[in-house]
Amino acid sequence: MRKIFIEILLILIFTLIIALLGNSFNSKGIKLSSSQSRISVEDEAAYKDEFRNDPYDTLSVQMPLLNDLRQKDKKEGFYIPQNITLSLAKKLYDKNALFIDARKKIDFDAGHIKGAINISYDDFLAKTKEERIEMMRKYNKNGIIIAYCEGGTCDVSIDVAYELARMGFNYVNLYRPGYIAWKNAGYPVEP
Amino acid sequence: MRHILSNRILQIILRLIVGGTFIYASLGKIADPVSFAKAINNYQMLPEFTVNFLAIFIPYLEFITGTFLIIGLFKKGSSLIIIVSLILFTIGLLQAYIRGLSINCGCFSLDPSTKSEILIRIIQDIFLLLFTFIILLYSKTKKIVLNNKESENVNQQRI
């Protein structure tokens, strides 16, 4: 019995070493601790009250944040999309933020956050880089963008958000509670 | 029964099945830890700060224990680790199934568009679990001392 535990200990230590080495040599390797930036309810004060977002005003360079909480990706230099809460999503909605629905068109047509545009994850990632840039040209690079999908378990919004951030959009947010939480809260939806 | 289960050929076949499955399952995850981290996160079981560490550690653990099982090194230890991880995977799958989470399990494919059949994975896990128990309980560890029959008895007593 004791021998088995020694074996297990040896295997675990061996695996830990190999895993850490393997991850550091892997070009797709990840950081050990996941530190997704989150804006809590308290931080919402950081947003200027008088600010009003215009997603279509491509000349605007107005900074919507008072305290800049964003983090830059160290390798690629884009601003990492931030997770936001339902209440902050609503506040930004009131300030005319651009909501992006990353679900399939059929889900989008069945119901979405009022005023949201549909950028389906599948279609979007299937496009070439040039097509994506062309598609997003009419939007303000410094405007507040909020990507969402169904809610909870869905992750297509993450992929769309990161892709937009890589394309040079500076204020991309991720609203993970998604459409379900929004609808349940009784906030504006359409149709 | 004991004779059949400790049969050398059967043992090798079982080790190949379980070890092979684990190695096969690990490769995609080792290559793409980001997607696997997302898959773990989707289970909504674990605090977020543990997710990345597990996304790095679990695939290598699968790969190494699978390899050990096949080459016959640390057989008992590897099979016990595999049993524990299979039980944990099954619990994860079960709770996802019961809560009705519609997720890709992250078992083999990491493509989020493949919605895998959770129930099939659970059944598969249970079979693997059974195989691994047979390996753990009935595989012979090599002993140079004594003649064959006696060493077999010694091993069975130890278990």
Side-chain angles (χ1 to χ4, degrees), chain A residues 1-38 73 75 83 102-104 107 120-123 125-126 149-162 174 176-178 180, chain B residues 26 29-44 46-69 73-84 96 99-104 106 110-113 115 136 141 158-159:
Chain A
M1 203 58 192
R2 203 166 145 236
K3 196 170 152 257
I4 295 185
F5 282 113
I6 293 171
E7 277 185 12
I8 290 176
L9 202 65
L10 282 175
I11 295 170
L12 290 179
I13 293 169
F14 180 66
T15 307
L16 189 66
I17 295 168
I18 299 285
L20 292 179
L21 279 177
N23 184 58
S24 61
F25 283 116
N26 185 350
S27 59
K28 281 179 140 187
I30 52 178
K31 275 185 244 155
L32 256 185
S33 65
S34 30
S35 63
Q36 276 198 31
S37 54
R38 285 178 180 285
D73 180 271
K75 264 187 200 159
N83 280 317
R103 297 174 301 166
K104 293 196 169 75
D107 297 322
S120 163
Y121 157 79
D122 300 316
D123 301 344
L125 293 201
C149 45
E150 193 71 18
T153 61
C154 71
D155 53 18
V156 287
S157 58
I158 305 177
D159 296 290
V160 171
Y162 271 81
L174 261 169
R176 300 280 328 259
I180 293 175
Chain B
S26 72
K29 300 175 202 166
I30 289 178
D32 189 359
V34 177
S35 303
F36 186 51
K38 267 194 229 160
I40 297 179
N41 210 8
N42 274 347
Y43 278 90
Q44 300 174 34
L46 299 161
E48 221 166 285
F49 65 91
T50 61
V51 167
N52 272 22
F53 174 74
L54 289 175
I56 297 169
F57 188 71
I58 291 177
Y60 282 95
L61 192 66
E62 287 178 338
F63 182 78
I64 287 168
T65 49
T67 312
F68 279 173
L69 209 59
L73 185 70
F74 297 146
K75 252 184 297 182
K76 304 256 170 187
S78 303
S79 45
L80 202 59
I81 291 177
I82 288 180
I83 285 173
V84 172
R99 283 164 70 190
L101 300 183
S102 147
I103 56 174
N104 166 32
L110 294 169
D111 182 356
S113 58
K115 287 269 177 284
L136 177 70
T141 37
R158 294 176 100 201
I159 296 154

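Quick note: numbers below take in every heavy atom, side chains included, and nothing from hydrogens, waters or symmetry partners. Here is how names work: the chains are called A, B, and so on, in the same order as the sequence lines, proteins then strands, and each is numbered from 1.
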*Asks:* Measure the CG-CZ distance between A:Leu10 and B:Phe74 for me, rounded to the nearest 0.5 Å.
*Replies:* 5.0 Å
*Asks:* Name the option with the most non-hydrogen atom pairs under 4.5 Å to chain B; the candidates are A:Leu9, A:Ile6, A:Leu16, A:Thr15.
*Replies:* A:Thr15
*Asks:* Dump the intermediate steps for side chain to side chain contact (heavy atoms under 4.5 Å, CB included) on B:Phe57 and A:Asn23, then the final yes or no.
*Replies:* CA-CA 9 Å; B:Phe57 188 71; A:Asn23 184 58; over 6 Å; no
*Asks:* Kindly give the heavy-atom pair with the smallest separation between B:Pro33 and A:Asn26, and that separation in Å.
*Replies:* CD-ND2, 3.8 Å
*Asks:* Would you mind checking which part of B:Leu73 comes under 4.5 Å of any heavy atom in chain A, side chain (CB onward), backbone (N, CA, C, O), both or neither?
*Replies:* neither
*Asks:* Measure the OG1-CD1 distance between B:Thr65 and A:Ile8 for me, rounded to the nearest 0.5 Å.
*Replies:* 11.0 Å
*Asks:* Provide the closest heavy-atom pair for B:Ile56 versus A:Ala19 in the form atom of the first, atom of the second, distance.
*Replies:* CG2-O, 3.7 Å
*Asks:* Counting only non-hydrogen atoms closer than 4.5 Å, does B:Phe63 touch chain A with its backbone (N, CA, C, O), its side chain (CB onward), both, or neither?
*Replies:* neither
*Asks:* B:Leu80 versus chain A, heavy atoms under 4.5 Å apart: side chain, backbone, both or neither?
*Replies:* side chain
*Asks:* Check the pair B:Lys76, A:Glu7 against side chain to side chain contact (heavy atoms under 4.5 Å, CB included), reporting the backbone distance first and the verdict last.
*Replies:* CA-CA 8 Å; B:Lys76 304 256 170 187; A:Glu7 277 185 12; 3.8 Å; yes
